[in-house]
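All chains are named by letter (A, B, ...) in the order of the sequence lines, taking the proteins before the strands, and each is independently numbered beginning at 1.
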Amino acid sequence: MLQGTLDMLILRTLIAAPAHGHTIAHAIERASDDILQVEHGSLYPALHRLEDQGLIAAFWGTSENNRKAKYYRLTPAGKKRLVAERSRWEQLVGAVSRVLGPATGGEL
Amino acid sequence: MSWKKYFTRARRDADLQRELEAHLAHESDTFLARGMNPESARHAALRKLGNVAALRESLYERNSLSFLESCWQDLRHAFRQLRFSPGYAAVTILSLALGTGVNIAVFQLIDAVRLRSLPVPNPQQLAEISIPKPRKRTGDFTGWPSEFTYPVWEQIRDRQRGFSGVLAWSMGRINLSPSGQARFAQGMWVSGDFFRVLGVKPVAGRVFTAAEDNRDCNTGAVISHAFWQREFAGDPAGKTGHRQHRSLSRSRRYAAQFFRPRRGPPLRYRAAPLRGAHRRWQRWQYEQRHTLVARRHGPPAPGLEHRSGTRPTQRHRARRVRGHAARSP
């Protein structure tokens, strides 16, 4: 996964509803048709980093499996950040596509 | 990095551990749902999560103050090393302690003689009058501090307009015993309104005034509280003065140990009547050199140059003033 995109994807996943780490990882994987694999080892440091930055807030709750789990929800600052990240990402994608241009078949 | 994180890092670590535990449980549930047995489901979940200890460590380090941490480690290392060679450690600690002690002692001395102001009201208004750099002037200038002859002092006293008051003093000693072996006490010869200019009042008796600046020599001496206690055993006023009359009779004006270098009880003075110190008085007038101190209320007068921080004069810190007053002779 591209550097820095994990934070954005986490924020995007939390926009619908608060979720715990396990759900977030699987939600990202499902939404990307299992193309993006979330490294579980890097998910939790990322969550804690976002929490330190005040972009998400954590609370303990009970999961759908009836287990205790740490839930994260988006804060207003997180929402703002997501908007900024998304526009930055779209610019980046657009720029890369323009450089690549339409597929000519010449690469083959 | 914040202090708050540093002090809550243990709690944060426990929090992460519970969170990871919850994650493993959820992941195991997923594998169980796919038909794995509980043990291999948990192993699969662990494999997927990776190194839990490393995860916890990285968060713990992020919440640490590495500088503080390594300082503490260095300190403990140092103590372990010191324990290996107790003799060396003892000598080192002892020499450090001695060095520190000497430093403190020296500083206290400097503080007492140099930094602390005179124990009089508004010491910052006091200034020492000195002669400017030796140039175009006549007289005897062999002494360092620059001192003044009595005629010069008289001129300055009568003509100066830059100050609220001026005083003159010089060192002297006085024989305390009327006969037999001489016993000396350190003292000062001072001008008439010495105490008025300094703003110091006696606890008992009275001090002399400018009007008594004459040769009658019946004014007496002003003694310090310490001297009073030591030599007169703190006796009440008149009686003591009378009894000690003869032994102090050779001095006209005398302020024993006026300046106290250390903090202590407030200055206290007593007047002791004296008689017939005619010769001493004349000597003071014509032979002694005087140090002049001036007090001015408010800012310095125009034409006066005020320089602060100079050498101490007899346990006495004063600022020097040069200008009209000093040049008047």
* Is any side-chain heavy atom of E27(B) closer than 4.5 Å to a side-chain heavy atom of H26(A)? -> yes
Notebook entry, point to check: Taking the side chain as C-beta and beyond, is there a heavy-atom pair between H48(A) and E19(B) under 4.5 Å?
Noted result: yes
- Item | More than 12 heavy atoms of other groups within 6.0 Å of E39(B) CD | no
- Task: On the 0 to 90° scale, with breaks at 30° and 60°, tag the H26(B)-H22(A) ring pair as parallel, tilted or perpendicular.
- Result: parallel
So for atom CZ, which belongs to F59(A), do other residues, nucleotides or ligands contribute more than 12 heavy atoms lying within a distance under 6.0 Å? yes
| query | Got E21(B) and K68(A) here, is their nearest side-chain heavy-atom distance under 4.5 Å? | reply | no
Between A22(B) and A69(A) the two heavy atoms that sit nearest each other are CB-CA, 4.2 Å
Most heavy-atom pairs under 4.5 Å with chain A, out of L16(B), L59(B), D29(B), belong to D29(B)
Applying a strict 4.5 Å limit to non-hydrogen atoms, the region of L49(B) in contact with chain A is both
So does W72(B) have more than 12 non-hydrogen atoms from other groups sitting under 6.0 Å from CH2?
no
Of D15(B), L24(B), L20(B), the largest count of non-hydrogen pairs under 4.5 angstrom with chain A goes to D15(B)
CZ of R12(B) to CG of D52(A), rounded to nearest 0.5 Å, is 5.0 Å
